[in-house]
Amino acid sequence: MTETRKKVFIKTYGCQMNVYDSERMGDVLAGLGYGVTETADEADLVILNTCHIREKAAEKVYSELGRYREQKRARARDGKPLVIGVAGCVAQAEGEEIVRRAPMVDLVFGPQTYHRLPHLLTRFAEQGRPVVETDFPAEDKFDHMPTTPHAGGRRAVTAFLTVQEGCDKFCTFCVVPYTRGAEASRPVRKIIEDARRMVDQGVREITLLGQNINAYRGEAPDGRRWSLGRLINELSAIEGLARLRYTTSHPRDMDDELIAAHRDNPKLMPYLHLPVQSGSDAVLKAMNRRHTAASYLEIIGKIRAGRPDIALSSDFIVGFPGETERDFEATMALVEAVGYASAFSFKYSPRPGTPAAEMDNQVPEPVKAERLTRLQALLNSQNRAFLASCVGREMDILIEKPGRKAGQLAGRSPYLQAVHVEDAHHSIGDMVRVCIDSVGGSSLSAHIIPSGADSPVHAKATA
Ligand code: 5AD
Ligand code: SF4
């Protein structure tokens, strides 16, 4: 039985939306009898789930495709065809062009069409010619995609749940509004059903996903549209669900209800990824971000007032067209003012079809590189300082998997850092109270605090 079972290899690039989508594609294909494999060599179907957000993503996809050409020929000779699909944002942006440049590709399909994979495969089998599908269909893809939490065969303790897709913000550097389409929120009832099912299957922590998640305005049972804060409060009533997170947000949509949830909802973890991109108002304006450095800092101040221990994270772009040394220094000053626990930073990369790519004051590559090095040095030192500040503190860790060494378990802190715990008595899915002992690279080591024991030395920290 298993010998004849077909296998799919899915290679994922880019953001967590893609990670989530790849898992759902695996689920859809399981319904057709496909098993997921981690090696391309034994696959009957290879899917590249691509990302278009930075760099020469499309070029990377073409060179990756070249690697399968020989495998495909050899398989054809043996009478066991290898089907190759390109999914994700490069597929959406390039469409037919992919088949023209890489004729070995059989399927090209955009992020809104994954639920139609069985239909696309049938169409390909029937017509024997490549199938390209990049429309934005009217139906909700999530209605047609099963949700099974994965952990590589282990019980999944944490899971992603998409609640919103698309973006209407049109930042001038970004392709997302073009590849993922307009903002669309899933209805509250469906999200709650998915979350309940996940929790019944053993999930204890759910990360809500959306390109621009805090713009969530989902249809609710009361006939109104709920905000993300309201949705989070409703989800947190699910018994057995211990933790909620969400990503990614836009400063403009950080409303009072969501800020209050960070203060009042103990299941909402004290971690917030809130991209700012730049600390210069001139650059923010040219980026069409529709917020200023001051309005961003004001939001951070409000969140910290309610949740002083919150770990903050952000995205930064250096070398946006027209960025001067003074603009860049304003970014450095903003980073100094906020103090981030972690962050992502990138050199500006012109994306075809976006307004910023057409701007004539592009910043030279060496200047971008030099600024990125300076920014990353500062962000890395803040990251180390945050990790060091955890040492000696008590916190709750959700155990997710066995640790690297025998007698060790691995989980995450409320602030999202990986934590290794010396312990032989607890199991996956347990929430344990620990004291952080040391920092090792980007992770933390801790020992269990026996339950019921008072710990007079360490003040109760958080969460
Ligand atoms: N160049 C560099 N970085 C970009 N990002 C998005 N588009 C670009 C681009 N053209 C970054 C932003 C965004 C993150 C997901 O990727 O910082 O928040
Ligand atoms: Fe892109 Fe801006 Fe939308 Fe984020 S908010 S997805 S950066 S357009």
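In listed order, ligands and their atoms are each counted from 1. Index from 1, following the sequence.
Not less than 6.0 angstrom separates the ring centroid of Y178 from the ring centroid of H52. Residues F170 and H250 place their aromatic rings such that the two centres sit no closer than 6.0 Å. In this structure, the ring of Y340 has its center less than 6.0 angstrom from the ring center of F316.
For K347, the salt bridge (Lys or Arg N to Asp or Glu O under 4.0 Å) test picks out E365, with sequence neighbours left out.
A salt bridge does not link E183 to R217: none of the charged side-chain nitrogens sits closer than 4.0 Å to a carboxylate oxygen. The existence of a salt bridge linking K190 and E193 is excluded, since no basic side-chain nitrogen approaches an acidic carboxylate oxygen closer than 4.0 Å.
Between H262 and I310 the shortest heavy-atom distance is ND1-CD1, 3.6 Å.
Distance check, rounded to the nearest 0.5 Å: CZ of F320 to OG1 of T331 gives 12.0 Å.
Every atom of ligand 2 is numbered from 1 in the order shown, and the set under 4.0 Å from a heavy atom of P177 is 8 (S). Annotation for ligand 2: atoms under 4.0 Å from non-hydrogen atoms of F170 are 8 (S). Heavy-atom contacts of V176 reach the following atoms of ligand 2: 6 (S) (cutoff under 4.0 Å). Those atoms of ligand 2 that come under 4.0 Å of a heavy atom in K169, given as number and element, are 3 (Fe), 5 (S). Close approach of ligand 2 to H250 is summarised as follows: ligand atoms under 4.0 Å from at least one heavy atom of the residue are 5 (S).
No part of P275 comes within 4.0 Å of ligand 2, judged by heavy-atom distances. By the criterion of a heavy-atom distance under 4.0 Å, both the backbone and the side chain of C171 are placed next to ligand 2. Contacts between F173 and ligand 2 below 4.0 angstrom, taking non-hydrogen atoms only, involve the side chain exclusively.
Taking the ring axis of Y114 as reference, the NZ or CZ atom of R24 does not stay both within 45° of it and closer than 6.0 Å to the ring centre.
The neighbour count for Q362 CD, taken as heavy atoms of other residues, nucleotides or ligands under 6.0 Å away, is above 12.
Distance from atom 1 (Fe) of ligand 2 to its nearest protein heavy atom, with residue and atom name: C174 SG, 2.3 Å. Atom 3 (Fe) of ligand 2 has its closest protein heavy atom at C167 SG, 2.2 Å.
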Under a 3.5 Å threshold, I'd like every N/O contact between ligand 1 and protein atoms, with atom names and distance.
unit_1: ligand 1; atom_1: 1 (N); unit_2: S349; atom_2: N; d: 3.0
unit_1: ligand 1; atom_1: 10 (N); unit_2: F173; atom_2: O; d: 3.0
unit_1: ligand 1; atom_1: 10 (N); unit_2: S349; atom_2: O; d: 2.8
unit_1: ligand 1; atom_1: 16 (O); unit_2: R54; atom_2: NH1; d: 2.5
unit_1: ligand 1; atom_1: 17 (O); unit_2: Q277; atom_2: OE1; d: 2.6
unit_1: ligand 1; atom_1: 18 (O); unit_2: Q277; atom_2: NE2; d: 2.9
unit_1: ligand 1; atom_1: 18 (O); unit_2: D315; atom_2: OD2; d: 2.6

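In this model, a donor atom of one side chain and an acceptor atom of the other lie less than 3.5 Å apart for E257 and S227.
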